[in-house]
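Heads up: the structure comes next, in structure tokens.
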2 protein chains.
Amino acid sequence: MHEAAASLYDEQDLVMEALGNDVRRAILRLLAEGELPAGRIAERFPISRPAVSKHLRLLSQAQLVSHEADGVRHIYRLNRAGFDRGRVWLDQFWPDALGRFKLLAENTYERGNG
Amino acid sequence: MHEAAASLYDEQDLVMEALGNDVRRAILRLLAEGELPAGRIAERFPISRPAVSKHLRLLSQAQLVSHEADGVRHIYRLNRAGFDRGRVWLDQFWPDALGRFKLLAENTYERGNG
DNA sequence: AAATTATGTAACTTGCAAGTTACATAAGGA
DNA sequence: TCCTTATGTAACTTGCAAGTTACATAATTT
């Protein structure tokens with residue numbers, strides 16, 4: 001019957017679960033600079049390529065990234081859908097936006113170091 | 001430069017890490033209905049009380065909950081700070097969303113309502 | 001003061017997420 | 001066609017997060 005409602009929460013859970021890992025968060029930050037093929041992503045981490053591939057699969061299932069084949073390469077990029085779901089999840093606790101921009105304003109600048 | 005920035009991201013990581021567990025997310029949903037003492041929270045879960053206590057500690061470190069002693073009881077409630085950090089983390093990926101909040105902040109700045 | 005209640009913590013165990021290696025597949029290039 | 005490149009997956013291992021039990025502490029109650 002109402003599988004739509006149930007699957008919505010499942011999808012939100014997939015997002016929150018995926019975001020709860022530092023390697024996956026680092027992959028997202030890397031992709032924030034621009035789309036990349038799977039191999040290039042893996043190069044940036046001290047773990048094996050299959051391990052990164054598995055993280056990419058979880059990120060993809062959570063719709064935090066999307067990917068498309070380009071010849072033999074698979075290009076990954078950020079997918080807004082997952083981030084929106086994460087935001088919806090957070091908003092169930094604090095529906096009003098007020099009080100957020102102070103923190104936001106204080107942290108929208110420099111970050112580039114790594 | 002300011003180590004405030006570094007520790008901020010550590011704190012964001014604490015939040016995202018804490019939110020990446022379904023028991024902890026369920027605790028937050030429970031506390032969204034109202035504050036509760038530790039024991040009452042533990043009653044609602046099929047795991048042991050010390051296990052819940054440990055989850056509460058992590059949630060507290062992430063500032064997703066706060067707690068205060070009330071006699072022998074420790075009352076837990078949601079803490080806005082952690083949720084704000086979670087949102088800041090999400091918003092770093094979509095600058096246009098940041099712009100939206102900045103605009104909102106500018107328009108609401110001296111009105112002081114909230 | 002002794003018993004009870006509510007909680008946190010220490011020490012240990014364990015389940016599973018995250019890692020590894022080995023292999024399969026598919027697209028180009030020589 | 002065979003070789004190389006790029007990737008995903010299967011099967012197995014392992015590190016650590018999340019669970020357990022036992023104990024310490026502190027505030028009430030009798």
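In what follows, every chain begins at residue 1, and chains take the letters A, B, ... in the order their sequences are listed. Keep in mind the model is a prediction, meaning the values are calculated, not measured.
Between D:dG19 and B:Ser48, no contact under 4.0 Å exists linking OP1 or OP2 to a side-chain N or O. Using a 4.0 Å cut-off, no side-chain N or O of A:His74 falls inside it from OP1 or OP2 of C:dA27. An OP1 or OP2 oxygen of D:dA6 is reached within less than 4.0 angstrom by no side-chain nitrogen or oxygen of A:Tyr76. Taking only side-chain nitrogens and oxygens, A:Asn21 never comes nearer than 4.0 Å to OP1 or OP2 of C:dA17. A sub-4.0 Å separation between OP1 or OP2 of D:dT7 and a side-chain N or O of A:Ser53 is absent.
For B:Arg29, the CZ atom counts as densely surrounded, since its 6.0 Å shell holds more than 12 non-hydrogen atoms of other residues, nucleotides or ligands. Within a 6.0 Å radius of CZ in B:Arg44, other residues, nucleotides and ligands contribute 12 heavy atoms or fewer. Within 6.0 Å of CZ on B:Arg40 lie no more than 12 heavy atoms contributed by other residues, nucleotides or ligands.
A continuous path of Ile, Leu, Val, Met, Phe, Trp and Tyr side chains, each step under 4.5 Å between heavy atoms, connects B:Val23 with B:Leu59, placing both in one hydrophobic cluster.
Separating the CD atom of B:Gln61 from the P atom of D:dA17 is a distance of 12 Å, rounded to the nearest angstrom. Between A:Asp22 atom CG and D:dG15 atom P the separation is 17 Å, expressed in whole Å. Following rounding to the nearest Å, B:Leu56 (CG) and D:dA17 (P) show an atom-to-atom distance of 18 Å. Atoms CG (A:Asp13) and P (C:dA17) sit 14 Å apart, rounded to a whole Å. Across the protein-nucleic acid pair, A:Leu58 atom CG and D:dT9 atom C1' stand 13 Å apart, rounded to whole Å. Between the P atom of C:dT7 and the NE2 atom of B:His67 lies a distance of 12 Å, rounded to the nearest Å. Taking atom CD of residue B:Glu43 and atom C1' of nucleotide C:dA6, one finds them 11 Å apart after rounding to whole Å.
Comparing A:Lys54 and A:Val72 against DNA chain C, the residue whose closest nucleotide sits nearer the 5' end is A:Lys54. Comparing B:Arg49 and A:Val23, the nucleotide of DNA chain C nearest to each residue sits closer to the 5' end for B:Arg49.
With respect to B:Arg25 and A:Glu17, a salt bridge is recorded, a charged nitrogen being found less than 4.0 Å from a carboxylate O. Looking at A:Arg49 and A:Glu43, no side-chain N of the basic residue comes within less than 4.0 Å of a carboxylate O on the acidic one, giving no salt bridge.
Comparing D:dT7, D:dT20, C:dG8 by their closest approach to the side chain of B:Ala38 singles out C:dG8. Which of D:dG8, D:dT9, C:dG19 sits closest to the side chain of A:Pro50 comes down to D:dT9. Candidate nucleotides C:dT7, C:dT20, D:dG19 were compared by shortest atom distance to the side chain of B:Ala51, and D:dG19 ranks first. Comparing C:dT7, C:dT20, C:dA18 against the side chain of B:Pro37 picks out C:dT7 as the nearest.
Residue-level contact check: B:Arg57 touches the backbone only, with heavy atoms under 4.0 Å from sugar-phosphate atoms and none from bases.
Here the side chain of B:Arg24 pairs no donor or acceptor atom with the backbone of B:Leu19 at under 3.5 angstrom.
Bending across the helix from C:dA1-D:dT30 to C:dA30-D:dT1, expressed as the angle between its end axes from five pairs apiece, amounts to 10° (10° rounding).
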